Amino acid sequence: MRGRGGSERSGDGMDGVARQQLYYSVEQVADLLGLHVRTVRGYVREGRLKAALVGRQYRITPEDLEAFTGLPTPSPARAARPSARHTEVSGIVQIDAIGPGSVDRLTNLLMAAVAGRHGDDRLRVESVHDRERATLKIIVLGGLDATAELLRLIDSVIEDLE
């Protein structure tokens, strides 16, 4: 019987006690294997890594991950728990009155800066350009130092555009 929150309720006399089947998310698998999330999704789509589609997200059982890697894996509950303190920034930079040429130059520079990074401080950058409003929004997700570096780069380059 389905319980609240999608957990399964036991029918063996343990009234009110929920048993949850634990799965890895694609993000957890990517972190465990040191891969990009897109790479893991590609493995799932190619059928190399078995996964179940739950809603719009893939879920991977520990057994399927072990079969894929050939190595024992930690429990998903432990993998979800951070072992050390982690800080992250989520921010949106909006630039108004920017033309398509400047958008191309700036986004290419930012993507190159992100791709050329080395180290453990992860950084993700997405951009959205609204041509009608001549607005560029840059979404930045990452560690404190990496995000600060990227924001300084944007600040130094923005004055030189058009």
Side-chain angles (χ1 to χ4, degrees), residues 1-93 100 103-131 136-147 149-151 153-154:
M1 172 167 79
R2 300 297 282 173
R4 189 173 246 187
S7 63
E8 292 188 17
R9 298 228 178 220
S10 167
D12 58 4
M14 296 190 305
D15 293 336
V17 178
R19 285 189 302 170
Q20 291 185 326
Q21 186 171 0
L22 299 176
Y23 295 93
Y24 289 106
S25 68
V26 171
E27 292 79 11
Q28 287 173 319
V29 171
D31 285 343
L32 286 169
L33 300 179
L35 298 172
H36 195 278
V37 173
R38 288 183 187 149
T39 304
V40 174
R41 282 194 192 112
Y43 290 157
V44 169
R45 288 186 188 118
E46 294 167 5
R48 294 170 60 183
L49 174 59
K50 190 175 174 185
L53 195 57
V54 178
R56 296 182 66 197
Q57 297 181 344
Y58 290 112
R59 295 292 184 227
I60 298 112
T61 65
E63 295 80 16
D64 290 333
L65 183 57
E66 285 181 17
F68 178 74
T69 62
L71 301 170
T73 56
S75 74
R78 273 200 351 229
R81 217 176 313 133
S83 58
R85 185 166 307 250
H86 174 77
T87 55
E88 190 168 275
V89 174
S90 302
I92 299 174
V93 177
V103 168
D104 288 343
R105 284 193 296 280
L106 181 58
T107 55
N108 285 339
L109 174 70
L110 294 176
M111 295 305 136
V114 170
R117 291 187 40 75
H118 299 290
D120 295 336
D121 204 4
R122 294 170 43 155
L123 185 63
R124 180 173 173 199
V125 177
E126 299 285 333
S127 62
V128 179
H129 179 222
D130 184 341
R131 288 180 188 267
L136 174 65
K137 289 191 179 183
I138 303 167
I139 300 98
V140 182
L141 306 165
L144 298 175
D145 291 337
T147 301
E149 262 182 58
L150 192 74
L151 293 174
L153 176 64
I154 293 170

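None of these values were measured; they are calculated from a predicted model.
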Note, Leu65 side chain near Val29 side chain (heavy atom, < 4.5 Å) | yes
Salt bridge (Lys or Arg N to Asp or Glu O under 4.0 Å) filter on Asp31, not counting sequence neighbours, yields Arg122
Look up atom CG in Leu141 and atom CD1 in Ile92, then write down how far apart they are to the nearest 0.5 Å.
-> 9.0 Å
Across all chains, not counting sequence neighbours, the side-chain hydrogen bond (donor to acceptor under 3.5 Å, both in side chains) partners of Asp104 are none
Partner residues of Gln57 under the side-chain hydrogen bond (donor to acceptor under 3.5 Å, both in side chains) criterion, sequence neighbours left out | Arg59
Option passing side-chain contact (heavy atoms from CB on, under 4.5 Å) with Ile139 (candidates Val125, Val128, Val93) | Val128
Partner residues of Leu53 under the side chain to side chain contact (heavy atoms under 4.5 Å, CB included) criterion, sequence neighbours left out | Tyr58
Side chain to side chain, Leu22 and Pro62, heavy atoms closer than 4.5 Å | no
Smallest separation among heavy atoms of Val44 and Ala51, with atom names | CG1-CB, 3.7 Å
Residues that Arg56 engages under side chain to side chain contact (heavy atoms under 4.5 Å, CB included), provided they are two or more places apart | none
Test item: Phe68 and Arg48 side chains (from C-beta on) under 4.5 Å apart, heavy atoms | yes
Value rounded to 0.5 Å, distance of CG in Leu49 from CD1 in Ile60 = 5.0 Å
Side chain proximity check, Thr69 to Leu32, heavy atoms < 4.5 angstrom = no
Taking only residues two or more places apart in sequence, or in another chain, which ones meet Arg41 in a side-chain hydrogen bond (donor to acceptor under 3.5 Å, both in side chains)?
-> Glu27
Hey, does Leu33 have a side-chain heavy atom less than 4.5 Å from the side chain of Thr39?
-> no
